[in-house]
Each structure stands twice: as structure tokens, then as C-alpha cells.
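First comes the structure, then the notes that go with it.
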2 protein chains.
Amino acid sequence: MPDKITIKEIAKEAGVSISTVSRVINGSSPVKKETKEKVLNAINKLNYYPDALARSLRVGYTDTIGIIIPNIANPFFATLVRGAEDYLRSKGYSLIICNSDNAVDQEKKLFNILAEKKVDGILYSGIGDHLEKFNHINIPIVFIDRVIKDNRFSYVCSNHYKGMEDLLNYLFETNHKRYVFISGKKEIFSAVERLRAFGNFVKKNKIEYKILEGEYTYESGLINGKKIKKLPDVVVCSNDLIAYGVIESFKERKIKVPQDVSVTGYDDITFSKMFSPALTTVRQPIYEMGKISAEIIHRLLIKKDDYIPVKLFQNQVIVRESTRNPRNK
Amino acid sequence: MPDKITIKEIAKEAGVSISTVSRVINGSSPVKKETKEKVLNAINKLNYYPDALARSLRVGYTDTIGIIIPNIANPFFATLVRGAEDYLRSKGYSLIICNSDNAVDQEKKLFNILAEKKVDGILYSGIGDHLEKFNHINIPIVFIDRVIKDNRFSYVCSNHYKGMEDLLNYLFETNHKRYVFISGKKEIFSAVERLRAFGNFVKKNKIEYKILEGEYTYESGLINGKKIKKLPDVVVCSNDLIAYGVIESFKERKIKVPQDVSVTGYDDITFSKMFSPALTTVRQPIYEMGKISAEIIHRLLIKKDDYIPVKLFQNQVIVRESTRNPRNK
DNA sequence: TTGAAAGCGCTAACAC
DNA sequence: GTGTTAGCGCTTTCAA
């Protein structure tokens, strides 16, 4: 028995041609029942399994999708990936994951690698904004968490502006008048949108405020939390991770949340409900977004649509324990 | 300009043969400087990038590794995957991720898919224990988080038994005499080991105890926490997620941790230090384990070793705020 | 219903 | 240093 079992060995074993073997494997055209059985037996006997590489080279697709994200260790992206993988797996695709750490250079490299590996499509959550560069790589792309004005591209995004606006209005109504806002990096679409909502909020309402520049990490929350000398009514954090850090830094200073100060997050990652105090935040349907991005890339691939699908998710304010209730004022 | 740029078009454009093009791309044998330049220019001009599929078919490897894990949305595995991906990427590999949800059938399917896609190696964290079945799939496998006695296989694991033993001894020394232990599923190696340590602990020491059967999730902690009617001195949870759930269930009942009861976890996932109360737990070097598993598969692939590498990590008790201090007794 | 053969894009052995 | 060519394992015409 040769080391490598190919369609050839099966053909020989079954006493048919390789095209016949291919036909029974793919059901691509009718095969006489007895012949089919002979082939199936040979496959079983020799433990044959097809070589997807050779197949892909021939047919021109790989049933493989690439996903570029900043960091899988961030639970936001882990949940997103899970959503995408579940859908893709159900449609017969595999998923290659690539962490970019939000570095444009790395993103470019990853695009090239995925192109070379001939993935059928790319799910892309990152910061690179030179759309032109996506032209010569002729692979369908779905942008995640970023609205693309250019109507050549599909995207899935949630309404960060509206979500933040809703949260801020809720806070205002519950007697929060003095704000500290900790932003994310300005390269990141969602961070810009959330900050923009805050900007317009302070224009509209007479409040005291201060903006601290941070990034989407626990450590950034820790650092920025320490910088807050004069306590506001609420610290509005651009995401949940920052809020965790801020709360921790307050804990070290014996500042009580929400009794002394309210703190809010954004995203509603899995842990925010487990956190103590449970975090008031804005929920993005993260898993769903991953799933829908996968669904879109799939539609693009089977060319079901002659338009470019786009999906904007609404976000929802989730009030928990890290903010004061109006009656507690 | 043809739709698809291959080595052929480059050869034509540069006025050389395709082998010369291949040589400059791979640096596989010396090429005259001027010729090289011509080729490079053509590549640039036509925006050529090689087809990894065709290359792999020819050379017999794909520079792609598969990883099978229960669930990427579990931060333990997300961190593990990040460790693996970082190392693999640095060595030029890509990573295909597969979620199995700890279902043996799904694991089998995933093995087949990865075999068909001709991954060079598989990182495997799962429950399937029929080692024989790994025989006909002739791909190097590194088992993660599971000690394999069969010396045909590499593994990376941490010393769950010792870690749990150390934790229990610490608890005993700090005046915890009545225990509730919430286990993980008995299909999972680490859960069995941690339970085994508890079994031996209660044999050696005169203590009151009760064992609750759970699984490695927050929800399981929530449910099992509610089942605890008579409060012990400490609830020892098989992992951090369970501990979060238990603490939450206690919170609902106004039971204070650690004042009324201590609670411990295992793993020390990223969030355990952010948790409130910060969780006393046992640290596994999760990122490191992912990284080393990747390193091992790489060694296997470049055949640097003529033995089967194996790595056992030690775990470390991390005392935080969810357990009583002895002096608080 | 089946078989022969071309060819997907590439590498590498061989020849010059 | 460079070109020619076989062939990796498969699918898909085309012919029978």
C-alpha cells in the first residue's frame, strides 16, 4: 500500500478510471450503482480522503475565509469570531484567523498572505483606510464595525453614535451633570463615533466635562482612572474594558461605584454582567454581528445578490449597577 | 492584461522562462542581477503574487496549522490561541481555528476537514480519546491541556493535580474546614485531575465536604451556587468561570464573599484580577502554553528533534480577595 | 455510463 | 545561469 492514497489508487483498487472516482465523490454526474459501490468500498478500504488543495487549484476556490481582527484575546473579537465561525462552518467553510494589533503594516501583510492562500473572502475589522489598496486584491471583503461610504464594499456595523447618544441622554436624565469621557484611539471607527456623540452631547447640554484620551484596554482604564483627581458624576468609558480599569483604580482609592461616582462602558461583553458592580453599558449584538458578516460574505460568494449588502445594528443601553439611580441622588 | 496574473505572465513580461521567475521568487538558486531586476519589475508592474495553493500542491506542505478547541469565546482558549498564533505567524504559518464545543463527533469531523485541507499540523484541545483514530491521519498533533501516556504524541499540559493540591493546602492552612467542590465535566482531563486532587485532599484531612457536578461555565456556577443551602467555609470551583457564577448567585442572596464564605477558581483568566472581589485562583500560563504548543508543532515539522517533545507547566496559587485571610477568622 | 486527457500554477530535476 | 519539462491530485471537457 503506497504511502499516499490518491484518487488513482482508488481507481485501481475499484477497477475504474479516476474520472469515475471523482464522479462518485462529488456526485457530479450519475454513476451506475454497482460501480459506485465498488468505488465506495475501495475508499473505505484504503482510508482515502480527497486532497482539498488539488481540488481548489482546479476549481478555483478554497472554501476558506480569512478574518483579520486586532486581537482574539479581546473577548469582543472572540465572540465575533465565534459568530462568524459558527455560520461559516455550517456552510462548509473554514476560518483562518489573523491578529493585527491594529497595526496597519501588519494588516497589509495579512491581506497579502490571505490573498496568496487564496481565501474566498475576507472579514476585516481593522483600521487601514486606503480603500484603493483593496482593489488589486480581487477578493470579496466585508468590513466589520466600520461604515464604508464607498459603495463597492459590504459592511456590518452598529450604530455607535446613536448608542452613545442614548446612554448619555439616560445619564443626563438621571441627574449626571459632570462628565469625564475616556476615549478610544482615534484610528478606530467606533471610538471616533462614540466620541463624536459625546461632543455633540456637551454642545447641546450645559454640563461640565473633560475628555481623556485612552485606548480600548483595561490598562488604559487603570491609567486614566488614576488621572481623575476631581470626581465627576460619571466616568463615561468608550468600552467595557476601560470601565473595568477605571473601576479598579477607584477601588484602590476607596472610591465607591456607583455611590461616589457612576461609571459606564460600551459593548456589553460577556463579563460585564458578571462584573461587580455589574456594568451599565451599551449592548452591541456581537455574536450576531460576526454571524451576519459571515452570512454576507457567503451571499457575496454564491452571488445571490447583485447589490452590495450592508447591515447596521442598533445598540441598546443596558442599565445595571455601576450607575446611580435617579432616586439615589 | 489577463485577468489572472501567474508566473507565466511574469515570465513573458520579463522575457525569461518561468523557472527563472520561480528562482527569483524563492531565491532557490542564483540568478543574474539584471535578470532578477527584470523579473522584479515585471512582478511589480503586474501586481503579481504567487499562488500558495499551487505551490503547496507541489511542495507538499501548506504552512498552515489547524487548532481544535472547545470554544474561542471562552477567554481561556482565546488567550491560548493568541499565544499559538503569535508564534506561528512569526514562523510563517497561518492558523485555522475550529470550535468543537467538546463534542466528539464534531471533533472527528474537524480532524477530517483539517486533513483534507492538508494542514501541516494540528493543535488539539479536546476530549476525544481514541488515539487509534489519529493513526490513519498522518499529521503531527500536539495535545493541549492533556497528558498523553502514549509516547507517540506530544503534549503541553499544566499540573492541575499539583495546582489544586497547593490551593487546597493553602485553604486548609487558612482555617477552611468545610468545603464544597464544584467539578467540571468528567470527560475533560483537567477537570478529572482537579477533582482527583480534591478526592485525595479530603482523604488526608478531616474535613466536611460536598461535591457538586458542574461544567466549566458561568451558568453552571450560577446554578450550582443556588444549590448550596448550608454555607461551607469555602466553595472550591474547578475554574474561574464557575467561580464568577457562584459569586453572582451569592450576591443575589446577599451572601458576602469572602466575609461569609470564601470562593476560589482555577485558571486565572484575564478577568479574574479585575473581578470584584478579585479572585483567588490558580494560575496557568495560558498564553505561554499556546505559544509552546506552537513551538512544539514547529519543531516536529522541521524535524529538529528525533524525540517527541512534551511540556508540563507548573501552576501557581494566586491569593486575592475572594478568600478569607487567616487573621480574619 | 464511463474513460482519456488537458490543465489549474507551481517547483525541481535535468539538460545545456 | 537559464530553459524545458514532468508532475503534485484533482475536475471537467470531450469522445466513445
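The chains referred to below are lettered A, B, ... by the order of the sequence lines, with proteins before strands, and numbering in each begins at 1.
- In this structure, T35(A) reaches the sugar-phosphate backbone alone: every heavy-atom distance under 4.0 Å involves primed, P, OP1 or OP2 atoms, never a base.
- The two residues A42(B) and E13(B) come nearest to each other via the heavy atoms CB-CG, 3.5 Å.
- At whole-Å resolution of the value, OH in Y49(A) and P in dG9(D) are 11 Å apart.
- In this structure, the nucleotide among dT11(D), dC10(C), dG9(C) sitting nearest to the side chain of I18(A) is dT11(D).
- No contact: L53(B) has no heavy atom under 4.0 Å from any strand.
- The listed nucleotides are dC10(D), dT4(D), dC10(C); the one nearest the side chain of A54(B) is dC10(C).
- Counting atom types as modelled, S19(B) pairs a side-chain N or O with a base atom of dT4(D) as donor and acceptor under 3.5 Å.
- Taking for each of V59(B) and G15(B) the nucleotide of DNA chain D with the nearest heavy atom, the 5'-most of the two is the partner of G15(B).
- The distance from atom NZ of K38(A) to atom P of dT1(C) is 14 Å, rounded to the nearest whole Å.
- The separation between K36(B) atom NZ and dG1(D) atom C1' is 13 Å, rounded to whole Å.
- Nearest to the side chain of R58(A), among dG3(C), dT2(D), dC8(C), sits dC8(C).
- Between the OH atom of Y61(A) and the C1' atom of dC10(D) there is a distance of 12 Å, rounded to whole Å.
- Contact detail for Y48(A) and T6(A): the closest heavy-atom pair is CE1-C, 3.6 Å.
- With hydrogens and angles ignored, a donor-acceptor pair closer than 3.5 Å exists between the side chain of R23(A) and the base of dG3(C).
- With distances taken from any side-chain atom of K32(A) to the nucleotides dT2(D), dT1(C), dC10(D), the minimum falls on dT1(C).
- Between S154(A) and V310(A), the shortest heavy-atom contact is CA-CG2, 4.4 Å.
- Listed nucleotides dT1(C), dC10(D), dG3(C) differ in distance to I7(A); the shortest reach to its side chain belongs to dC10(D).
- In this structure, I127(B) and E107(B) approach most closely via the heavy-atom pair N-OE2, 2.9 Å.
- With rounding to whole Å, K12(A) atom NZ is found 17 Å from dG3(C) atom C1'.
- Relative to the side chain of V16(B), the nucleotides dT2(C), dG3(D), dG1(D) differ in distance, and dG3(D) lies closest.
- Between the side chains of K117(A) and T64(B), at least one donor N or O lies within less than 3.5 Å of an accepting N or O.
- For the residue pair Y216(A) / N102(A), no side-chain donor-acceptor distance below 3.5 Å is found, with atom types taken as modelled.
- Proximity of K8(A) to the phosphate of dG9(D): no side-chain N or O atom is located under 4.0 Å from OP1 or OP2.
- Which of dT11(D), dC10(C), dG3(D) sits closest to the side chain of Y48(B) comes down to dC10(C).
- Nearest nucleotide to the side chain of L57(B), out of dT11(D), dG9(D), dT2(C): dG9(D).
- Distances shown here put every side-chain N or O of T6(A) at or beyond 4.0 Å from the OP1 or OP2 atom of dG9(D).
- The distance from atom CD of E116(A) to atom P of dG9(C) is 15 Å, rounded to the nearest whole Å.
- Regarding contacts with the backbone of dT11(D), a side-chain N or O of S22(A) is found under 4.0 angstrom from either OP1 or OP2.
- Residue R55(B) places none of its side-chain N or O atoms closer than 4.0 Å to OP1 or OP2 of dG9(C).
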